[in-house]
Amino acid sequence: MKKIILSAAIALVAFTACQNNSNTDQENETDSLAYDAITEEGFANYIETLSSDAFMGRKPFTKGDTLTVNYIKNEFENLGLKPGNGESYFQEVPLVEITSTPVESTLSFQGKEGSIDAEFLDDYVVGSRQLQEELDFPSTELVFVGFGIVAPEYDWNDYEGLDVTGKTVVALVSDPGKYDKDLFKADTMTYYGRWKYKYEEAARQGATGVLLIHETEAASYGWDVVRNGWSGPQLDMVTSDKGSSYAGFEGWVTNDLAKSLFELGDVDFEATIKEAKKPGFKAVPLNVKTSIKLQGSFRESTSNNVLGLIEGESRPDEYVIYTAHWDHLGIGTPIEGDSIFNGAIDNAAGVSALFEIAKAFNASTKKPERSVLFIALTAEEEGLLGSLYYTNNPIYPLENTVANINMDAFNPIGATKDVTVMGIGQTELEDYLVQSADKFDREVRGDKNISAGLFYRSDHFNFVKKGVPGLFMGSGSDYLHLKGDELKAKKEAFENRYHNVTDEFDEHWSLDGIVLDTQLFFDLGFTLSNERTFPEFKEGSEFFELGKQRLNKRK
């Protein structure tokens, strides 16, 4: 009897092992089919098409807008994605296009002992988000407010005891942690370091105007990026108060102009900047005045987010969301005869990844249990406006949104062993990413330029501000096949493309790295789409409690 039982047990184990091997083989085959659906050829075709001159730089409110969103909609439809907004693939995003420029391009600053003239675009940029055709600020005093930050949790208030009503505040970019690792989050920039926050705070303080001092390292981009971004119409959300809650004007000045303004007011530039980086700094009047007249025109219209959906098999009311912004800068001032900002890497590549990941989900024989939503977002370049509108007006409840996986720009230099997480340490999505990376023998690292605040500079951040974990990942720096002079040459060939007309498709790009990164993006989302857990923010994140509040709505 024992021999019979033992023989039966051995047979059962053998049968089970065969079954498990068969299941494993089937899973491996499924994985292979899905991963293999993401191809260099697919990326090349999509990126080259979307970044071609035919799409006119993909700026919202232009013909390029209509061409782009219709192209994306058709591709979603061809890939078998269902409309993501009821019966429509579109979510209308009401925006206002504002053209606001100085009446005179030369801006004069007056001090006690003389004056300085500055030229628009070369030395300064300025505009207004207040919807008025004429704005006149006859005489406004400049006051230097350090970083222009009010952060109670860091015991920091640059506006303490200061009344800036009727005045123009001048502020540094970044935050104190960049210069003193004992302050804020050390080298990791907080949202307080972003230019957008500084404009918001200046308005809350009642300032007439706000001018930020550009410094390339602190901003993490050169003056050409500021110039290009301010040389044409700006988009903004439609507000009920017609923009009256914003400061009267907003802008930037070059570092050289800032030095001259301090000198004009007999204020020691180097010593004052040094003090501004220390706790307890008190604002300093610059003893300089300026008068600004702006002329404006504006038109309200709509752009569109484009949404495609794969419905979950068993839990269709829970959503994993992939995002990538479709817009770029359109047509601008010609640079060496070229005026179209094609945005191949930023972000035709990201939209192409949406298509390729959709292909991978379709190729897998295992269908996701949760729904997977693909959103091509509008107006990211104008201040993350498409994602802001979606998160303020979600088509699917945010408490049922598992995570946002955001794709914004890829590296066409070559494949890397490592990948980079912007703002590492924020969410449990990073732990899932490590598990996915292990499958591909890849490593997960934090971004090296943590003072650039990249975590706050792409569309996932608007999901984060609503308590939804968001991941923004890029390729790494440990190249698999490139070394020495060859790597140096490829890097040099790719330099200075950010927000430049040179961001065009190049048939000599190495797309193998983009494919590997996208396979990892797919694996992460596929894993989440078949789980029951909801990833959370980590306890060290400033969004930890916000995430808890969101999940409590599910109970």
Inter-residue atom distance Phe494.CZ - Thr502.OG1, 0.5 Å rounding = 9.0 Å
Minimum heavy-atom distance Pro368-Asn530, with the two atoms named | CA-OD1, 3.6 Å
Can you tell me if Asn85 uses its side chain to pair, donor with acceptor, with the backbone of Ser88 under 3.5 Å?
-> no
With sequence neighbours excluded, give me every salt bridge (Lys or Arg N to Asp or Glu O under 4.0 Å) pair touching residues 515-532.
-> Lys439-Asp523, Arg442-Asp517
Over 12 non-hydrogen atoms of neighbours within 6.0 angstrom of NZ in Lys196 = yes
Applying side chain to side chain contact (heavy atoms under 4.5 Å, CB included), name anything that partners Glu443, two or more places apart in sequence or on another chain.
-> Lys417, Asp418, Arg445
Within-4.5 Å side-chain heavy-atom neighbours: Ile345 and Arg497 | no
What distance do Phe147 atom CZ and Ile213 atom CD1 have between them, rounded to the nearest 0.5 Å?
-> 10.0 Å
Taking the side chain as C-beta and beyond, is there a heavy-atom pair between Phe90 and Pro83 under 4.5 Å?
-> no
Take the angle between the ring planes of Phe361 and Phe374 and call it parallel below 30°, perpendicular above 60°, tilted in between.
-> perpendicular
Using the test side chain to side chain contact (heavy atoms under 4.5 Å, CB included), find all partners of Ala360 that sit at least two apart in sequence or belong to another chain.
-> Ala34, Ile38, Phe522
Does Arg370 count as lying over the ring of Phe534, i.e. NZ or CZ under 6.0 Å from the six-ring centre, within 45 degrees of the axis?
-> yes
Do Lys466 and Asn392 have side-chain heavy atoms sitting under 4.5 Å apart?
-> yes
Lys59 bridged to Glu382 by N-O distance under 4.0 Å = yes
Evaluation steps, side-chain hydrogen bond (donor to acceptor under 3.5 Å, both in side chains), between Thr391 and Asn462 | CA-CA 7 Å; Thr391 53; Asn462 280 319; 4.9 Å; no
Salt bridge present between Glu311 and Lys367 (N-O < 4.0 angstrom) = no
Would the number of heavy atoms belonging to other residues, nucleotides or ligands and lying under 6.0 Å from CG of Asp241 be above 12?
-> yes
What residues, two or more places apart in sequence or in another chain, satisfy side chain to side chain contact (heavy atoms under 4.5 Å, CB included) together with Thr66?
-> Asn70
With the side chain counted from C-beta on, respond yes when Tyr432 and Thr533 share a heavy-atom pair under 4.5 Å apart, and no when they do not.
-> yes
In this structure, CG of Leu309 is separated from CD1 of Ile395 (nearest 0.5 Å) by 10.0 Å
Exercise: do Ser475 and Asn411 side chains pair donor with acceptor under 3.5 Å | yes
Could you check whether the rings of His460 and Phe472 sit parallel, tilted or perpendicular, using 30° and 60° as the cut-offs?
-> tilted
Asp187/Lys448 salt bridge by N-O under 4.0 Å criterion = no
Checking Glu428 side chain against Glu536 main chain: does a donor-acceptor pair fall under 3.5 Å?
-> yes
Are the side chains of Leu95 and Asp236 in touch, meaning some heavy atoms are under 4.5 Å apart?
-> no
Rounded to the nearest 0.5 Å, what's the gap from OG1 on Thr188 to CG on Asp447? Could you check?
-> 7.5 Å
Report the C-alpha distance between Glu545 and Lys548 in whole Å, list the side-chain angles of each, state the deciding distance to 0.1 Å, and finish with yes or no for salt bridge (charged side-chain N to carboxylate O under 4.0 Å, His left out).
-> CA-CA 5 Å; Glu545 290 299 329; Lys548 288 288 188 185; over 6 Å; no
Glu201 bridged to Arg204 by N-O distance under 4.0 Å = yes
Side-chain heavy atoms of Val226 within contact of Val125, under 4.5 Å = yes
Are Val320 and Leu373 close enough that some pair of their side-chain heavy atoms sits under 4.5 Å apart?
-> no
Working to the nearest 0.5 Å, report the span between CD1 of Ile375 and CG of Leu354.
-> 9.5 Å
Give the intermediate values and the outcome of side-chain hydrogen bond (donor to acceptor under 3.5 Å, both in side chains) for residues Tyr192 and Glu153.
-> CA-CA 12 Å; Tyr192 293 114; Glu153 68 273 34; 2.7 Å; yes
Please indicate whether Lys82 has more than 12 foreign heavy atoms, meaning atoms of other residues, nucleotides or ligands, lying under 6.0 Å from its NZ.
-> no
Donor-acceptor pair, side chain of His325 and main chain of Asp327, under 3.5 angstrom | yes
Determine whether Asp459 and Asp408 make a side-chain contact, defined as any pair of heavy atoms from C-beta on separated by less than 4.5 Å.
-> no
Using the test ring pair (Phe, Tyr, Trp, His ring centres under 6.0 Å), find all partners of Tyr456 that sit at least two apart in sequence or belong to another chain.
-> Phe461
Test side chain to side chain contact (heavy atoms under 4.5 Å, CB included) applied to Lys178 - qualifying residues, sequence neighbours left out | Ser174, Glu217, Ala218, Ser451
Are Glu369 and Arg315 within salt-bridge range, i.e. N to O under 4.0 Å?
-> yes
Show the numbers, then the answer: is there a side-chain hydrogen bond (donor to acceptor under 3.5 Å, both in side chains) between Asp175 and Thr190?
-> CA-CA 7 Å; Asp175 66 36; Thr190 65; 2.9 Å; yes
Crowded around Glu41 CD? As in, over 12 foreign heavy atoms under 6.0 Å?
-> no
From the list Phe43, Tyr322, Phe76, ring pair (Phe, Tyr, Trp, His ring centres under 6.0 Å) partner of Phe355 resolves to Phe76
Anything under 30° is parallel, anything over 60° is perpendicular, the rest tilted; go ahead and classify Tyr71 against Tyr46.
-> perpendicular
Taking the side chain from Asn404 and the backbone from Phe463, do they hold a donor-acceptor pair closer than 3.5 Å?
-> no
Donor-acceptor pair, side chain of Trp326 and main chain of Asn304, under 3.5 angstrom = yes
Phe537 CZ to Arg550 CZ distance, which is reported to the nearest 0.5 Å = 7.5 Å
